[in-house]
Participant: 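Below is the structure I would like to discuss, written out as structure tokens.
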Amino acid sequence: MLLVAVKVEGGSVQPPENAEPPRGEVLQDLVTTLRDQPPMVAYFDAELRNKFASNTYVAWFQAAEPGVVGTDIQFAGSPEDTEHGMPHVRAVLHGEEQDFDATTVDAAGSVRYSEGVYVPHSVDGKVQGFFAVVTDTTARVVAEAATRAAFEPLVLARERERIAADLHDTIIQSLYSASLQLAAVATTIEPGPAERVELAIDTIDKAIVALRKSIFHLTHGLTDAETATAITEIAGRAAMILGFNPTVVLSGPLDLPADMSGEVLAVITESLSNITKHAEASAVTVTVTVDPEQIDIKIADNGLGFNRLDRSSGLANLRARAEQLGGTFTWHSNEPTGTVIEWHAPLNQPPPPNPTD
């Protein structure tokens, strides 16, 4: 293989002073070598007439070599491609080397990606033309895009986990704190204002439930340990108002789907919220049992009892949540005093159709 030394001055390729231009067979060997190189290699004179085109350059335009050599410079693709390419041509004819990326549509209609270098050819300081070396990077760009697409679900999952953690650690904690403070205030004021405070507490509790559902949809459900921790945290916050710690009994695998995890925690949150507001209990037991067929939640207190239990929106919400999942919700008196609520929902089966559909 022939190596010809060159020197670069001001971005232009200059032949060394003591070098003679290749002649005869040497020149033919050089042309043959360039013609078979993988990159697209071409030479254009100052009038933008093609004087040399490698095999890959010819193939790019899907033309026989006589159809390329001797013709004006071409840009694969649309007139827009020519418009985008001409600034590089004008710059190289002013002696400025060009290095750029391009996206085009070839003669077959396929999207192609390439990296191009234009190097000016100067003689006695005057640009005579330029060399064009263009590498087809389509395979690499497509492979990189496929790699990015493969990692996108992982990146999205991590971002969802980050957002969910932020919601849980900041927003929900702040809402719980506000709810607890309002509940404490409600016990010290007149019944009329206290009712308005309780309405505000209900609104905050509903916002917390909605946020928890959003978190579970973001994270695609909780693990067994995460569900157990969340239930314990809910009971611990209720204890701040009750004045004692509810007993929590968990049985079975708690790694539930996202929608079911959200419903379970919402049911426990609303049930304990009702107890803290109305039951005046001194003992509460939260029991969650999961088997392959269904999930059962039982919450019992020793408070004022069945006849004093608030029957308004809280209970309606609990019933609606069970029915949406094809389950049931019941409540009855505890012995000797207090109330028991029982919430059941099936697992691994679609909810019943909505009658209004």
Side-chain angles (χ1 to χ4, degrees), residues 1-108 110-141:
M1 176 178 178
L2 177 66
L3 299 178
V4 179
V6 297
K7 64 178 181 178
V8 178
E9 295 182 354
S12 301
V13 177
Q14 299 284 350
E17 295 177 358
N18 60 349
E20 293 293 331
R23 302 295 183 187
E25 292 182 1
V26 175
L27 178 60
Q28 185 59 44
D29 288 344
L30 176 62
V31 170
T32 300
T33 300
L34 288 174
R35 195 184 308 279
D36 294 333
Q37 291 302 304
M40 290 172 277
V41 181
Y43 178 83
F44 297 90
D45 63 19
E47 302 300 322
L48 301 184
R49 303 285 291 181
N50 181 274
K51 298 299 183 180
F52 172 81
S54 67
N55 292 333
T56 49
Y57 183 95
V58 173
W60 181 272
F61 291 97
Q62 294 190 342
E65 184 178 358
V68 174
V69 176
T71 63
D72 292 338
I73 191 169
Q74 302 179 53
F75 294 91
S78 64
E80 288 78 13
D81 295 320
T82 301
E83 181 180 346
H84 294 157
M86 283 307 297
H88 298 294
V89 172
R90 287 191 287 268
V92 74
L93 290 179
H94 280 87
E96 302 172 9
E97 183 173 332
Q98 299 294 293
D99 189 345
F100 57 91
D101 296 325
T103 302
T104 58
V105 179
D106 64 15
S110 301
V111 177
R112 304 286 288 274
Y113 304 93
S114 60
E115 294 177 350
V117 177
Y118 291 169
V119 180
H121 168 219
S122 300
V123 176
D124 296 329
K126 183 178 180 180
V127 177
Q128 304 296 314
F130 67 93
F131 299 94
V133 181
V134 181
T135 302
D136 185 355
T137 59
T138 302
R140 188 194 74 200
V141 172

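Starting from 1, each residue takes its place in the sequence as its number.
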Participant: Looking only at heavy atoms, what is the nearest atom pair of P39 and S54, with distance?
Facilitator: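 So the two residues come closest at O-OG, 3.6 Å.
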
Participant: Please round to the nearest 0.5 Å and tell me the distance separating atom CG of D136 and atom CE of M40.
Facilitator: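 The CE atom of M40 is 5.5 Å from CG of D136, to the nearest 0.5 Å.
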
Participant: Nearest 0.5 angstrom please: F100 CZ to S114 OG, how far?
Facilitator: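 It is 7.0 Å, given to the nearest 0.5 Å.
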
Participant: Please work out which of the three classes, parallel, tilted or perpendicular, describes the rings of F130 and Y118, given edges at 30° and 60°.
Facilitator: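 Taking F130 first and then Y118, their aromatic rings sit tilted (interplane angle of 30° to 60°).
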
Participant: Does R140 form a salt bridge (Lys or Arg N to Asp or Glu O under 4.0 Å) with E115? I'd like the steps, not just the answer.
Facilitator: CA-CA 11 Å; R140 188 194 74 200; E115 294 177 350; 2.9 Å; yes

Participant: Are any of the side-chain heavy atoms of L93 and L48 separated by less than 4.5 Å?
Facilitator: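 In contact.
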
Participant: Counting C-beta onward and ignoring hydrogens, is there a side-chain heavy-atom pair between F44 and R49 closer than 4.5 Å?
Facilitator: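 They are not in contact (no side-chain heavy atoms under 4.5 Å apart), so the answer is no.
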
Participant: To the nearest 0.5 angstrom, please state how far the CD atom of E96 sits from the CZ atom of R90.
Facilitator: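 With rounding to 0.5 Å, CD (E96) is 12.0 Å from CZ (R90).
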
Participant: Would you indicate whether the side-chain heavy atoms of V127 and H94 approach each other to under 4.5 Å?
Facilitator: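 A side-chain contact is absent here, since even the closest heavy-atom pair is not under 4.5 Å.
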
Participant: Check whether any side-chain heavy atom of E97 sits under 4.5 Å from a side-chain heavy atom of P120, and report yes or no.
Facilitator: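 In short, these two side chains touch, coming nearer than 4.5 Å.
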
Participant: Do V111 and T103 have side chains that get closer than 4.5 Å, going by heavy atoms?
Facilitator: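 In short, these two side chains touch, coming nearer than 4.5 Å.
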
Participant: If you define the side chain from C-beta out and look only at heavy atoms, does anything of V117 sit under 4.5 Å from Q98?
Facilitator: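 V117 vs Q98: side chains apart.
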
Participant: Testing the basics here: between H121 and V123, what is the closest heavy-atom pair and its distance to 0.1 Å?
Facilitator: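 So the two residues come closest at NE2-CG2, 3.8 Å.
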
Participant: Pairing donors with acceptors under 3.5 angstrom, does anything connect the side chains of T135 and T137?
Facilitator: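 Absent: no donor and acceptor within the cut-off.
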
Participant: Could you give me the CA-CA distance, side-chain angles and deciding distance for V41 and F52, then say whether side chain to side chain contact (heavy atoms under 4.5 Å, CB included) is met?
Facilitator: CA-CA 8 Å; V41 181; F52 172 81; 4.1 Å; yes

